[in-house]
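Notes follow once the structure below has been shown.
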Amino acid sequence: MKKGTSGWRDFIPITKWLPSYDVKQNLINDIIGGVTVGILHVPQGMAYASLVGLKPVYGLYTSLFPSLIYMFFGTSRHVSLGVFAVVSLMSGSCNLRVTQELVAQNGTNLTKSEIEGISVDVVKSLGLAIGMIQIIMGLIKANYLISYLSDQIILGFTTGAAVHVLTAQLNKILGVALPRHTGMGKLFFIYRDLLNSILDDKVNKVTLAASIAAIVILYIAKYHLTPALCAKTRIPIPYDLFLIVVGTAVSSYFAINSNYHVKIVGHTPTGFPSPALPDVSIFGKIVGDALAIAIVSVVVTVSMGKVIAKKHDYVIDVRQEFFALGIVASFCSMFPCWPASTALARTLINDNAGTKTQISAIFAAMVLTLVLFFIGPLLENLPTCFLSCIVIVALRGMFLHLTNFWTLWRISKYDWAIFSITFLSTVCLDVVPGLFIGAVAALLFSVLRIQRCELFLKIRRNRTCVKIKKEGIYQFNEPDGWQNEKSK
């Protein structure tokens with residue numbers, strides 16, 4: 001009986017730590033951390049919605065529900081679930097492709113609201129498929145699969161994905177409308193369309209000027225002022241939120257939408273969305289994307305969770321993380337959310353703000369609820385280009401990984417090759433093919449490494465081995481093998 005009770009409590013970790021929650025030591029820290037992360041969720045959720053092809057309000061839903069569900073089933077005290085650029089991009093690629101197929105099947109006379117409804121159904125179904133895959137992985141104890149995705153694969157993949165994320169924002173800061181492309185090599189078509197728009201003088205000068213100013217100000221504030229202020233306060237200054245507030249105020253005062261044709265967020269619904277079951281009939285169209293996103297989401301969450309857990313001297317249960325993320329994705333698929341994952345920067349801020357437990361998710365959810373019910377309509381005049389500026393500035397950390405082209409070359413040619421192949425495949429083809437090509441390349445190079453190690457051991461233990469050429473060709477004058485060695 002005790003064993004069964006223990007197993008049940010292991011599956012729902014909150015039942016183990018909540019009864020012993022120390023209010024005096026933890027509550028204030030959890031409030032500060034939760035409110036801080038909640039404030040960060042607002043601009044990030046709204047900004048990353050464009051990567052998925054949905055309205056900004058759906059980003060607020062994606063920021064709200066996952067962290068609350070993870071609080072019950074997750075084992076990391078500090079990871080911040082919600083929108084993540086790479087997973088948002090992967091979800092957007094799947095959403096665009098499948099939505100176009102479904103629209104083509106239903107006819108071309110659909111209204112914008114009907115097409116939006118199809119897109120929402122696609123990401124909901126994608127979320128359920130991801131959740132089911134992650135739960136199945138947990139049941140078959142597939143947590144060992146994480147070890148096959150090396151740092152070089154993840155870094156090459158995320159850096160390549162950052163190029164896609166940046167590219168997806170360029171038309172918004174230029175103020176031009178472009179057709180959306182899917183499939184391998186789509187970046188080349190996007191840059192072709194961008195170049196044609198520039199040559200045809202379709203760029204909105206006001207949008208471009210405002211975007212450049214916002215990027216410069218935001219970059220200086222986040223990466224030059226913040227380091228100086230970190231020594232004085234542990235609570236980060238929400239520059240992204242300030243940009244949204246100021247941008248909305250300026251937009252409203254000068255009526256830049258009507259006077260200068262600058263695109264704005266527009267109508268934002270209030271309250272919580274009604275739950276509805278996702279459409280499982282389209283699983284066949286999304287299973288490949290779901291598998292890739294399921295793996296990436298787990299790898300990022302577990303990797304980040306382990307780093308923070310080691311810092312604070314506790315351990316996360318990798319297998320339980322499969323179940324936790326699977327349950328989160330499955331539950332959230334009943335709401336208009338796209339698949340969530342751990343955001344690296346937001347998790348570090350959550351830790352630095354002093355968060356102690358997952359209770360902080362409640363206070364983050366309070367901030368998002370306040371925005372959804374009361375503040376959302378006030379942001380309707382926000383220029384969408386400012387949301388793109390937030391995304392672009394946030395990519396700095398990912399692009400810093402490009403230095404691996406030099407550092408890995410000096411350390412290990414094999415690791416350099418894996419990173420380069422994964423990065424170039426992701427950029428030149430697409431995010432999902434890039435991930436799988438990187439994994440296959442890593443497997444092949446691992447086999448090559450093993451073979452070279454075996455050859456080295458053979459040369460060392462065969463006393464009759466003679467080097468006959470400078471190029472590294474060896475001649476074995478006696479049979480090699482452990483049996484031969486034992487007979488001597």
Side-chain angles (χ1 to χ4, degrees), residues 44-66 69 82-84 87-132 168 171-172 177-183 186 263-290 293 328-341 368-369 371-373 376-377 379-380 382 384 387-388:
Q44 290 183 1
M46 298 179 68
Y48 291 138
S50 64
L51 295 174
V52 191
L54 297 175
K55 293 181 179 179
V57 68
Y58 296 109
L60 299 179
Y61 301 148
T62 306
S63 301
L64 172 63
F65 296 113
I69 307 304
V83 299
F84 177 48
V87 171
S88 299
L89 176 70
M90 298 173 74
S91 302
S93 297
C94 175
N95 179 30
L96 177 60
R97 188 191 73 252
V98 178
T99 298
Q100 288 179 345
E101 292 179 8
L102 296 177
V103 169
Q105 292 175 5
N106 296 327
T108 57
N109 295 325
L110 297 176
T111 63
K112 287 185 177 181
S113 60
E114 290 174 333
I115 295 176
E116 179 184 347
I118 293 175
S119 291
V120 172
D121 289 339
V122 170
V123 296
K124 288 172 59 179
S125 299
L126 179 63
L128 179 59
I130 291 169
M132 293 174 64
N171 69 307
K172 299 174 182 63
L178 297 179
R180 299 189 67 181
H181 297 280
T182 60
K186 65 180 183 181
K263 188 177 180 181
I264 59 175
V265 169
H267 173 67
T268 303
T270 57
F272 294 141
S274 300
L277 293 175
D279 182 8
V280 298
S281 65
I282 61 174
F283 271 16
K285 301 178 183 292
I286 62 177
V287 64
D289 300 272
I293 296 173
V328 167
S330 300
F331 179 86
C332 293
S333 68
M334 294 189 293
F335 297 93
C337 306
W338 68 81
S341 182
L368 289 163
T369 301
V371 173
L372 283 169
F373 275 85
L379 302 177
E380 293 181 356
L382 171 66
T384 55
L387 297 177
S388 296

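For reference, positions follow the sequence shown, starting with 1. Computed from a predicted structure; not experimentally measured.
- Between Y58 and Y61, the ring-plane angle classifies as perpendicular under the 30° and 60° cut-offs.
- Here D289 pairs with R97 under the salt bridge (Lys or Arg N to Asp or Glu O under 4.0 Å) rule; sequence neighbours left out.
- Counted by atom type alone, K186 and S93 present one or more donor-acceptor pairs between their side chains at under 3.5 Å.
- Considering all non-hydrogen atoms of both residues, F283 and A129 come closest at CZ-N, 3.9 Å.
- Looking at K124, its side chain does come within 3.5 Å of a backbone N or O of A276 through a donor-acceptor pair.
- From I118, atom CD1 reaches atom CD of Q100 across 11.5 Å, with rounding to the nearest 0.5 Å.
- Rounding to the nearest 0.5 Å gives a distance of 8.0 Å between CD1 of I130 and CE of M90.
- The salt bridge (charged side-chain N to carboxylate O under 4.0 Å, His left out) contacts involving residues 50-59 comprise K55-E116, where partners must be two or more places apart or lie in separate chains.
- For M46 against L379, the heavy-atom pair with the smallest separation is SD-CD1, 3.9 Å.
- From E101, atom CD reaches atom CD1 of I282 across 10.0 Å, with rounding to the nearest 0.5 Å.
- The CD atom of E114 lies 9.0 Å from the CG atom of N106; values are rounded to the nearest 0.5 Å.
- Of the candidates T62, V83, L60, Q44 forms a side chain to side chain contact (heavy atoms under 4.5 Å, CB included) with just one, namely V83.
- Using modelled atom types, one finds no donor on one side chain facing an acceptor on the other under 3.5 Å when comparing N95 with S91.
- Inter-residue side-chain proximity for V265 and L387 is flagged as met; some heavy-atom pair is nearer than 4.5 Å.
- Among residues at least two apart or in separate chains, side chain to side chain donor-acceptor pair (under 3.5 Å) pairs with a member in residues 272-282 are D279-S281.
- Closest approach of W338 to G59, counting heavy atoms only: CH2-CA, 3.3 Å.
- With rounding to the nearest 0.5 Å, the separation of CG in L102 from CD1 in I115 is 11.0 Å.
- Nearest approach of I293 to P339, heavy atoms of both residues: CG2-CB, 4.3 Å.
- Heavy-atom minimum distance, F65 versus C337: CD1-SG, 3.7 Å.
- Closest heavy-atom contact between P336 and V120: CB-CG1, 3.7 Å.
- Atom-to-atom distance recorded for T99:OG1 and L110:CG is 11.0 Å, nearest 0.5 angstrom.
- Within the 6.0 Å centre-distance limit, the rings of F272 and F373 are counted as a close aromatic pair.
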